[in-house]
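Numbers here simply count residues along the sequence, with the first being 1.
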Amino acid sequence: MFDIGWGELVVIGIVALIAIGPKELPTVLRTLGQYMGKVRRMAAEFQGQFQEAMREAELVELKKQAEDLKSSVSDLGSSVSDLGNLDPLADTQRQIESALDDAAKPELPKPESSAGVDTTEAAPPPPIDLPEPSAPVSEKDFVTAEAPPPKQTGGKA
């Protein structure tokens, strides 16, 4: 607040001692201390009132926001009730039934175009010539081969 250092305080004290005198100095300092206490109390009271006013202003703002939110929710509720009965299962069932009805109706033949292009189905592909199957497999095809003689182990060669 005030930029007074220790050196300045010493100078002020010496001037006060000379100007007021040593007899009156303690009374003056006590009175000065009482006035400083009053000033600090008034400053603290002012800060408290200012903070209280700020809290009230915030409270009023919050109440206004709550009222706005409440009105928007009630508007939303009335708009939903205006839409009628919302039943997604019934809507899905109607869509499925209409799709089945459309699929059950026979498709009308398409009119032929005047350009002379044949819109009928394409001709089936030509048959593929497969080779004749060979004779069936018999037991003779599975003749067992003779096993080779076992090797000798550990002997001289």
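In this structure, the separation between NZ on Lys63 and NZ on Lys70 is 13.0 Å, given to the nearest 0.5 Å. The CD atom of Gln51 lies 10.5 Å from the CZ atom of Phe46; values are rounded to the nearest 0.5 Å. Rounding to the nearest 0.5 Å gives a distance of 12.0 Å between CG of Leu69 and CG of Leu62. Taken to the nearest 0.5 Å, the CG atom of Leu89 stands 11.0 Å off from the CZ atom of Arg94.
Leu29 is connected to Leu17 through a chain of hydrophobic side-chain contacts under 4.5 Å among Ile, Leu, Val, Met, Phe, Trp and Tyr, so both are in one cluster.
Listed for the Glu8 side chain is a donor-acceptor partner under 3.5 Å among the backbone atoms of Gly5.
Inspection of the Gln93 and Glu97 side chains reveals an N or O donor paired with an N or O acceptor under 3.5 Å.
Every residue two or more places apart in sequence or in another chain was checked for a side-chain hydrogen bond (donor to acceptor under 3.5 Å, both in side chains) with Gln65, and none qualifies.
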Derivation and outcome, side chain to side chain contact (heavy atoms under 4.5 Å, CB included), residues Val10 and Trp6: CA-CA 6 Å; Val10 170; Trp6 286 106; 5.5 Å; no
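Among all heavy-atom pairs drawn from Pro22 and Pro26, the shortest one is O-CD, 3.5 Å.
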